[in-house]
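Numbered from 1 within each chain, the chains take letters A, B, ... in sequence-line order.
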2 protein chains.
Amino acid sequence: MPGTRRRSNTERRDESQARILDSAEALFAARGFNGVSVKDIAKAAQVDTSLVHYYFASKAGLFTAVLRRHAPRVNQTRMDSMAAYARSAGTQMTVEGVLRAYLEPAFRLAREGGESEQNYMTLIAQISVLTSDALPGVDTTAFDPAIEAFISMLQQVRPEASREDLYWFYHLLTGAITQSWARTGRIDRLSGGLCRSDDFDTIVEKTVAVFAHGLTVGETPR
Amino acid sequence: MPGTRRRSNTERRDESQARILDSAEALFAARGFNGVSVKDIAKAAQVDTSLVHYYFASKAGLFTAVLRRHAPRVNQTRMDSMAAYARSAGTQMTVEGVLRAYLEPAFRLAREGGESEQNYMTLIAQISVLTSDALPGVDTTAFDPAIEAFISMLQQVRPEASREDLYWFYHLLTGAITQSWARTGRIDRLSGGLCRSDDFDTIVEKTVAVFAHGLTVGETPR
DNA sequence: ACGGATGGATTGACCGATCAGTCTATGGCG
DNA sequence: CGCCATAGACTGATCGGTCAATCCATCCGT
């Protein structure tokens with residue numbers, strides 16, 4: 001039979017797990033953790049509900065697995081991007097450059113990756129505004145290393161800025177970013193189509209533009 | 001019996017509705033729409049589940065009612081605040097002033113209001129990153145008038161800025177704001193207690209500081 | 001090269017609990 | 001008395017999760 005090779009057990013295992021994760025990711029992103037049932041996910045993945053529990057033990061375990069799947073890649077790409085920038089810029093580092101190095105990887109992943117990566121970003125956006133008791137014991141520390149590196153680089157470029165200001169700066173930045181990842185289409189409607197919430201290239205540009213000036217210390221402009 | 005006056009039917013009605021709305025608001029804010037059952041809400045409000053349906057027809061209807069309850073007040077306070085600023089500043093309006101006039105009312109409401117208002121802000125933060133199919137036909141246009149007024153005032157202060165840039169500016173700003181309203185405590189943990197996510201006074205200051213510079217047009221700083 | 005035996009992958013049937021929502025009854029205010 | 005606010009009992013559907021049975025790729029003894 002051409003095309004349909006016989007699959008080994010480990011292949012079957014990986015494929016099924018990936019299908020479950022893909023379906024879960026898409027559905028969780030669309031309707032939230034409690035808006036989706038295990039049955040929904042199993043049906044979308046064309047698998048029995050028991051198999052979901054077989055692999056991921058519980059609905060919460062599945063959710064955690066979804067969140068963990070791409071986290072290391074995002075974190076690593078960010079670290080690499082910032083390290084590469086630091087190497088190329090040397091002592092000429094700018095806030096704009098650091099911002100761009102930190103921002104681009106995740107947005108590039110969302111743009112060049114498939115639906116899976118886009119759904120993942122949407123999911124991150126959703127949990128970013130949730131407190132822990134709205135979620136099953138979810139670990140939100142996966143991105144912390146890159147965040148700390150980001151703040152350290154900002155401190156290098158702006159030695160006069162206080163640690164507190166840098167954290168607030170990050171807080172505001174990450175709010176803006178996650179809002180963009182959510183792709184709600186609200187800015188599209190508000191602007192009458194002038195802005196498109198899925199235009200990630202433009203979003204990175206505008207984010208860099210606004211926040212690069214935002215860390216400027218000194219006189220408030222006119 | 002001192003203190004417990006005899007209640008009329010309309011008083012009972014209003015009190016019960018308010019109790020249901022309060023409980024729903026708190027629970028929805030804590031666990032999201034699908035994370036809460038009508039039974040939970042009824043129990044918290046100390047009423048029967050059928051009473052919830054009697055007043056609000058459905059769970060979705062209740063959710064909509066919760067969202068609508070404070071919306072006009074927030075919107076109106078924003079409009080008043082911006083109008084007052086425009087009157088006092090005359091031709092001396094600044095980006096910083098407009099920002100502060102737009103931002104302060106909602107944060108003041110959250111600070112000076114009770115738990116209800118704080119829960120309301122948390123709820124707004126949550127739905128701001130949700131697409132329409134994750135929600136029961138919820139109307140998110142309640143704040144549009146104040147938003148349009150805000151953008152118009154920005155345009156007055158920055159006539160050279162493009163309409164598109166102003167909308168992107170608003171997009172980034174509202175992301176930062178809703179992140180703050182969510183009070184997830186994540187920045188507290190990241191900063192090692194240096195920043196407190198419920199310190200709304202500081203948040204307004206930092207937001208104004210960052211975004212006032214952000215709309216500056218011209219050369220990117222070092 | 002072959003034919004059980006083994007064990008992981010997968011399923012269908014089913015569990016008690018809980019869901020949103022309905023129906024009917026009733027008690028007390030106007 | 002009449003009506004509205006409220007409660008209790010209940011419905012069919014669906015929830016997350018379990019269990020024993022089945023499927024099938026792989027391995028081993030011959």
Please list every donor-acceptor pair under 3.5 Å in which a side-chain atom of residues 80-87 of chain A meets a protein atom from a residue at least two apart or in another chain.
unit_1  : atom_1 : unit_2   : atom_2 : d
A:Asp80 : OD1    : A:Gln76  : NE2    : 3.0
A:Ser81 : OG     : A:Ala101 : O      : 2.7
A:Tyr85 : OH     : A:Thr94  : N      : 2.9

Expressed in angstrom and rounded to an integer, what is the separation of [X] atom [atom1] from [N] atom [atom2]?
X: A:Arg13; N: C:dG8; atom1: CZ; atom2: C1'; answer: 9 Å
X: A:Asp14; N: C:dA9; atom1: CG; atom2: P; answer: 10 Å
X: B:Lys39; N: D:dC10; atom1: NZ; atom2: P; answer: 13 Å
X: A:Lys59; N: D:dG17; atom1: NZ; atom2: P; answer: 8 Å
X: B:Asn34; N: D:dT14; atom1: CG; atom2: P; answer: 15 Å
X: A:Leu62; N: D:dG17; atom1: CG; atom2: P; answer: 10 Å
X: A:Arg19; N: C:dA9; atom1: CZ; atom2: P; answer: 14 Å

Does [X] have any side chain to side chain contact (heavy atoms under 4.5 Å, CB included) partners at least two apart in sequence or in another chain, and if so, which?
X: A:Thr207; answer: A:Leu103, A:Leu173, A:Ile203, A:Phe211, B:Leu172
X: B:Ala57; answer: none
X: B:Ser152; answer: B:Arg163

I want to confirm an ordering. Mapping A:Asp40 and A:Ala57 to their closest nucleotides on DNA chain D, which one lands closer to the 5' end?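 Nearest nucleotide further toward 5': that of A:Asp40.
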All side-chain hydrogen bond (donor to acceptor under 3.5 Å, both in side chains) counterparts of A:Glu115, not counting sequence neighbours: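 Checked A:Glu115 against side-chain hydrogen bond (donor to acceptor under 3.5 Å, both in side chains); zero matches.
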Interface residues of residues 41-56 of chain B with DNA chain C (non-hydrogen, below 4.0 angstrom):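 By residue number: B:Thr49, B:Ser50, B:His53.
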Name of the residue among A:Asp198, A:Asp201, A:Asp199 meeting salt bridge (charged side-chain N to carboxylate O under 4.0 Å, His left out) with A:Arg111: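 Looking at A:Asp198, A:Asp201, A:Asp199, the match for A:Arg111 under the salt bridge (charged side-chain N to carboxylate O under 4.0 Å, His left out) is A:Asp201.
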Does anything in residues 20-27 of chain A come within less than 4.0 Å of DNA chain D? Heavy atoms only, and list the residues if so.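 Of all residues in residues 20-27 of chain A, none places a heavy atom under 4.0 Å from DNA chain D.
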Name each donor-acceptor pair under 3.5 Å that joins a side chain in residues 41-50 of chain A to protein atoms two or more places apart or in another chain, with its distance.
unit_1  : atom_1 : unit_2  : atom_2 : d
A:Asp48 : OD2    : A:Ser50 : N      : 2.9
A:Asp48 : OD2    : A:Ser50 : OG     : 2.9

By salt bridge (Lys or Arg N to Asp or Glu O under 4.0 Å) - contacts of A:Arg108 (at least two apart): none
Looking at A:Glu205 and A:Arg100, does any basic side-chain N land under 4.0 Å from a carboxylate oxygen? yes
